[in-house]
Chemist: 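Sending over a structure as structure tokens; questions will come in a sec.
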Amino acid sequence: MKPSLPQGTRDFSPIETTRRNYIFDTIKAVFKTFGYQSIETPAMENLSTLTGKYGEEGDRLIFKILNSGDFTKKIREENTDLSLPNKVLPLISEKALRYDLTVPFARYVAMNRDKITFPFKRFQIQPVWRADRPQKGRYREFWQCDADVVGSTSMLNEAELIQIYDRVFTALQLPVVILINNRKILSGLAEVAGAPDFLIDLTVALDKLDKIGIDKVNAEMLEKGIPQKAVEAIQPLMAFKGNTIEKLNFLKSFLGQSTEALQGIAETEAVLAYFNGENAFELNESEIQLDLTLARGLNYYTGTILEVKAKNIEFGSIGGGGRYDNLTGIFGLPNAAGVGISFGADRIYDVLLAQQLFPENAIEGTEILFANFSAIEEKAALPLLDILRQAGISAEIYHESAKLKKQFEYADKKGITFLMIYGEQEITQQIVTVKNLKSGVQVSIPKDKILAFKSYF
RNA sequence: GUGGUCAUAGCUCAGUCGGUUAGAGCGCUAGAUUGUGGUUCUAGAGGUCGUGGGUUCGAUCCCCAUUGUCCACCCCA
């Protein structure tokens with residue numbers, strides 16, 4: 001049969017794995033320095049845990065797992081109308097692949113509340129699956145790197161998470177813009193505009209302002225059924241230009257009649273205050289921008305919303321997050337406020353590759369190859385091989401006796417630097433011939449000095 | 001879910017305005033070179049031209065369907 005891969009999934013070669021680990025290791029190290037602890041959850045969750053958490057669109061994109069055994073049994077027993085997918089689905093599928101890391105985390109917190117010390121700061125780096133149509137920068141299996149803190153309403157968390165973004169992207173040498181907004185401001189906007197029922201449609205349309213322009217945004221809002229009056233009411237906001245302070249002042253007067261909006265503005269100011277004045281959090285390569293059009297689709301955000309975009313390249317968002325006041329409520333644990341961020345490792349990979357930002361020395365390979373000429377010489381080399389390995393040096397012996405030429409080619413292709421020869425002549429003289437394949441220099445060293453082989457070059 | 005694109009060797013792609021043995025580069029195997037590679041030269045293996053149907057004397061090429069791919073929209077990391 002012809003080998004193939006499911007749509008939107010990928011294999012990772014040795015070099016790709018090394019580069020991906022570079023990203024994961026960087027993120028993990030920063031998470032740890034901020035006091036976040038690692039957890040992992042299963043690849044599959046109960047379907048009921050996931051449905052209804054991501055909106056209608058999200059539910060459609062959840063990968064369902066077919067029940068084991070006679071999965072049509074219930075359909076037959078209940079004589080279900082097969083033309084109604086919504087009726088059929090729960091009868092044939094009870095599990096699904098996780099869609100993100102936040103909902104499984106909420107489930108985990110609700111289930112382990114007796115063991116957790118709050119505020120609970122956790123990070124989680126695992127793959128997630130979405131039944132989306134793949135395209136550039138979009139995969140059906142991709143890795144998220146999440147950090148969340150649950151059990152605290154302090155804006156200090158937001159500030160620290162922003163700093164985590166900065167630390168990670170600075171370490172990766174990737175300058176980014178961190179966009180910030182607040183769901184309460186958007187709610188207040190919908191309220192002031194007189195269209196509170198259209199919050200989602202309104203924010204989704206507003207989110208596209210940068211991309212498609214004011215006219216098309218207006219057209220989309222009207223198309224979604226948002227009243228003409230409401231669309232007119234928010235025009236000043238879309239037209240407003242100014243720096244962060246000017247924007248906040250504008251909002252205070254423009255949305256002043258909404259207490260919710262004022263609260264969102266205050267929260268945003270509180271977050272930003274951590275980055276100004278005395279003892280402010282320092283940002284290295286990143287900058288923060290208040291973006292009033294930033295919406296993000298997920299339904300569970302209630303306060304701060306964050307999104308990260310790489311500078312100098314058009315590539316969608318490479319990270320996002322926000323505050324949710326009651327994510328665990330549905331699992332029976334009310335009032336557990338939380339805030340979290342996510343890194344899109346796969347998109348970060350694509351951006352780093354496009355910008356050639358991967359370090360050269362990130363290649364992990366074998367350092368030494370022993371040549372193999374015969375069964376006797378092979379056996380004689382094994383103790384030397386072991387000495388090197390025990391010293392933590394990556395070494396291997398050619399798997400069978402073969403022509404030297406062939407063994408050289410093997411070393412070349414694997415990028416091995418040193419070839420060691422311990423053949424008939426060397427054995428009688430108790431020496432090892434070492435050749436640096438990069439420089440072509442070859443030396444003979446005493447067998448018992450093998451660990452110091454580099455000092456002979 | 002909507003629209004478009006493409007599908008030929010292991011990989012990247014030519015090509016045939018429908019006609020006899022479908023090509024290249026890379027890769028692979030072997031030799032020139034039985035303990036010294038990366039270069040070069042030579043030879044070889046490898047394809048039911050995605051699948052099914054139709055038109056035709058004849059289809060890899062034209063038409064239809066189907067599956068897969070990539071891209072855009074929707075949405076999102």
Side-chain angles (χ1 to χ4, degrees), chain A residues 1-10 13 23 27 54-62 85 99-102 125-146 200-201 203-205 207-208 211-212 216 220 223-224 294-299 306-310 315-322 340-351 369-374 377 398 401-427 433-444:
Chain A
M1 68 174 284
K2 194 174 179 169
S4 65
L5 227 40
Q7 190 181 33
T9 65
R10 300 147 299 158
S13 65
I23 296 172
I27 293 171
Y54 309 106
E56 203 178 316
E57 180 83 5
D59 281 355
R60 201 163 56 77
L61 299 179
I62 295 171
Y99 178 90
D100 73 352
L101 301 179
T102 308
I125 297 178
Q126 290 191 278
V128 303
W129 294 269
R130 296 186 188 176
D132 215 344
R133 285 273 183 92
Q135 56 184 274
K136 195 177 172 188
R138 176 181 300 184
Y139 307 100
R140 295 185 120 179
E141 176 186 63
F142 60 98
W143 271 250
Q144 288 192 329
C145 313
D146 275 27
I200 301 286
D201 288 332
T203 53
V204 165
D207 196 40
K208 295 175 191 160
K211 213 169 174 181
I212 63 176
K216 286 188 179 171
E220 178 169 328
E223 195 188 322
K224 292 278 182 186
L294 175 62
R296 296 190 54 77
L298 293 176
N299 291 357
L306 295 168
E307 187 161 301
V308 183
K309 286 187 169 164
F315 205 87
S317 69
I318 53 177
I341 57 170
S342 180
F343 289 82
D346 304 83
R347 286 189 176 173
I348 293 170
Y349 181 98
D350 291 344
V351 171
L369 177 73
F370 268 92
N372 187 339
F373 299 115
S374 72
E377 288 152 307
Y398 197 75
S401 55
K403 280 198 256 184
L404 243 199
K405 173 188 162 72
K406 216 173 165 185
Q407 307 193 37
F408 264 103
E409 282 173 355
Y410 173 79
D412 273 336
K413 282 181 186 159
K414 283 193 76 173
I416 295 170
T417 313
F418 296 98
L419 185 80
M420 288 198 177
I421 298 175
Y422 192 59
E424 212 175 326
Q425 299 156 30
E426 285 84 359
I427 292 171
T433 299
V434 185
K435 180 161 185 176
N436 182 324
L437 298 177
K438 303 256 157 75
S439 66
V441 178
Q442 181 169 320
V443 296
S444 289

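Labels below follow one simple rule: chain letters A, B, ... track the order of the sequence lines, proteins then strands, and each chain is numbered from 1. Note: hydrogens, waters and symmetry copies are ignored here, and every other heavy atom, side chains too, is used.
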Chemist: Considering only the P atoms, how many Å lie between B:A22 and B:G4, rounded to the nearest integer?
Modeler: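 Between the two P atoms, the distance is 35 Å.
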Chemist: Partner lookup for B:C74, please. Criteria are Watson-Crick or G-U wobble with both distances under 3.5 angstrom; report none if nothing qualifies.
Modeler: none
Chemist: Let me see the working for A:Lys208 and A:Lys216 under side-chain contact (heavy atoms from CB on, under 4.5 Å), right down to the final yes or no.
Modeler: CA-CA 9 Å; A:Lys208 295 175 191 160; A:Lys216 286 188 179 171; over 6 Å; no
Chemist: Tell me the interatomic distance from A:Lys405, atom NZ, to B:G37, atom C1', rounded to whole angstroms.
Modeler: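 Rounded to the whole Å, the gap is 7 Å.
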Chemist: NA contact type, A:Glu426, heavy-atom cut-off 4.0 Å: base, sugar-phosphate, or nothing?
Modeler: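 It contacts base atoms.
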Chemist: How close or far is atom P of B:U36 from atom CZ of A:Phe408, stated in whole angstroms?
Modeler: 8 Å
Chemist: Within the structure, does a side-chain N or O atom of A:Lys211 lie under 4.0 Å from either OP1 or OP2 of B:C73?
Modeler: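 It does, given that an N or O in the side chain of A:Lys211 lies less than 4.0 Å from OP1 or OP2 of B:C73.
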Chemist: Indicate whether OP1 or OP2 belonging to B:U34 is found under 4.0 Å from a side-chain N or O atom of A:Lys406.
Modeler: no
Chemist: For A:Lys438 and A:Arg133, find the nucleotide of RNA chain B closest to each by heavy atoms; which residue's nucleotide sits nearer the 5' end?
Modeler: A:Arg133
Chemist: Between A:Glu409 and A:Lys406 (salt bridge meaning N to carboxylate O under 4.0 Å), is one present in this structure?
Modeler: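 No, this pair does not count.
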Chemist: Whom does B:A65 pair with, Watson-Crick or G-U wobble, provided both distances fall under 3.5 Å?
Modeler: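 By the stated definition (distances under 3.5 Å), B:U51 pairs with B:A65.
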Chemist: If the C1' atom of B:U67 is compared with that of B:G52, how far apart are they to the nearest Å?
Modeler: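 One C1' to the other, the span is 10 Å.
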Chemist: Remember a base hit wins even if backbone is also touched, and classify A:Lys309 as base, sugar-phosphate or nothing at under 4.0 Å, heavy atoms.
Modeler: nothing
Chemist: How about A:Tyr410 and A:Tyr398: are their ring centroids closer than 6.0 Å?
Modeler: yes
Chemist: Rounding to a whole Å, what distance do you find between A:Asp201:CG and B:C74:P?
Modeler: 14 Å
Chemist: Within the structure shown, what part of the strands sits under 4.0 Å from A:Gly319 by heavy-atom distance: base, sugar-phosphate, or nothing?
Modeler: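 Sugar-phosphate, no base atom in range.
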Chemist: Taking the minimum atom-to-atom distance to the side chain of A:Arg60, which one of B:G1, B:U33, B:C75 wins?
Modeler: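 So the nucleotide nearest the side chain must be B:G1.
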Chemist: Using the C1' atoms only, state how far B:C11 lies from B:C28, rounded to an integer number of Å.
Modeler: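 Taking atom C1' in both B:C28 and B:C11, they lie 12 Å apart.
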Chemist: Could you tell me how far apart A:Asp59 (CG) and B:G1 (C1') are, to the nearest whole angstrom?
Modeler: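 In whole Å, B:G1 C1' and A:Asp59 CG are 15 Å from each other.
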Chemist: Would you call A:Asp132-A:Arg138 a salt bridge at under 4.0 Å N-O?
Modeler: yes
Chemist: Taking atom C1' in both B:G23 and B:G46, what distance in whole Å separates the two?
Modeler: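 Their C1' atoms lie roughly 14 Å apart.
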Chemist: Using the C1' atom on both, measure B:U56 against B:C64 and round to a whole Å.
Modeler: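 Looking at atom C1' only, B:U56 and B:C64 are 16 Å apart.
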Chemist: Would one find more than 12 heavy atoms of other residues, nucleotides or ligands at under 6.0 Å from atom CD of A:Gln135?
Modeler: yes
Chemist: If you measure from the C1' atom in B:A14 to the same atom in B:G47, how many Å do you get, rounded?
Modeler: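 So the two C1' atoms sit 15 Å from each other.
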Chemist: So, OP1 or OP2 of B:G37: does either fall under 4.0 Å of a side-chain N or O from A:Lys413?
Modeler: no
Chemist: Using whole Å, what does the distance between atom P of nucleotide B:G27 and atom OH of A:Tyr410 come to?
Modeler: 18 Å
Chemist: Give A:Ser317 one of three labels, base, sugar-phosphate or nothing, depending on what nucleic acid heavy atoms sit under 4.0 Å from its own.
Modeler: sugar-phosphate
Chemist: Answer with yes or no whether A:Arg347 presents, from its side chain, a donor or acceptor under 3.5 Å of a partner atom in the base of B:C76.
Modeler: yes
Chemist: Rounding to an integer number of angstrom, what distance separates B:G15 and B:C61 when you compare their P atoms?
Modeler: 16 Å
Chemist: Of all the heavy-atom pairs spanning A:Tyr422 and A:Glu377, show the shortest one and how long it is.
Modeler: O-CB, 4.0 Å
Chemist: Determine the sole option in A:Thr102, A:Asp59, A:Asp100 for which the side chain to side chain donor-acceptor pair (under 3.5 Å) test with A:Tyr54 is passed.
Modeler: A:Asp100
Chemist: Would you kindly give the OH-to-C1' distance between A:Tyr139 and B:C71, to the nearest whole Å?
Modeler: 13 Å
Chemist: Take the protein atom CD1 of A:Ile125 and the nucleotide atom P of B:A77, then report the distance between them rounded to whole Å.
Modeler: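 Distance check: A:Ile125 CD1 to B:A77 P gives 17 Å.
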Chemist: Name the pairing partner of B:G31, where a pair is Watson-Crick or G-U wobble with both distances under 3.5 Å, or state none.
Modeler: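 In the structure as shown, B:G31 has B:C41 as its Watson-Crick or wobble partner.
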Chemist: Using a 4.0 Å heavy-atom cut-off, does A:Glu57 contact any base of the nucleic acid, only the sugar-phosphate backbone, or nothing at all?
Modeler: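 Base: the residue A:Glu57, judged by heavy atoms under 4.0 Å, touches a nucleobase.
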Chemist: Select one nucleotide: of B:C75, B:C76, B:G37, the one nearest the side-chain heavy atoms of A:Arg138.
Modeler: B:C75
Chemist: Rounded to the nearest Å, what distance is computed from the CH2 atom of residue A:Trp129 to the P atom of nucleotide B:A77?
Modeler: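 A:Trp129 atom CH2 is separated from B:A77 atom P by 17 Å.
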Chemist: Between B:A24 and B:U33, how far apart are the C1' atoms? Round to whole Å, please.
Modeler: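 Rounded to whole Å, the distance is 29 Å.
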Chemist: Would you tell me if any nitrogen or oxygen in the side chain of A:Gln135 comes within less than 4.0 Å of OP1 or OP2 on B:A72?
Modeler: yes
Chemist: Does a nitrogen or oxygen in the side chain of A:Lys403 sit under 4.0 Å from OP1 or OP2 of B:A30?
Modeler: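 Answer no for this pair, as no side-chain N or O of A:Lys403 is under 4.0 Å from OP1 or OP2.
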Chemist: Would you please confirm or rule out a distance under 4.0 Å between OP1 or OP2 of B:U69 and any side-chain N or O of A:Gln7?
Modeler: yes
Chemist: Given that A:Arg140 and A:Ala411 both sit by RNA chain B, which one's nearest nucleotide is further toward the 5' end?
Modeler: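 Closer to the 5' end of RNA chain B: A:Ala411.
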Chemist: Would the base of B:U36 count as contacting A:Lys435 through its side chain, where contact means a donor and an acceptor less than 3.5 Å apart?
Modeler: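 Yes.
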Chemist: Tell me whether the NZ or CZ atom of A:Arg130 lies within the 45° cone about the ring axis of A:Phe142 and under 6.0 Å from its centre.
Modeler: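 Negative - A:Arg130 is either too far from the ring of A:Phe142 or too far off its axis.
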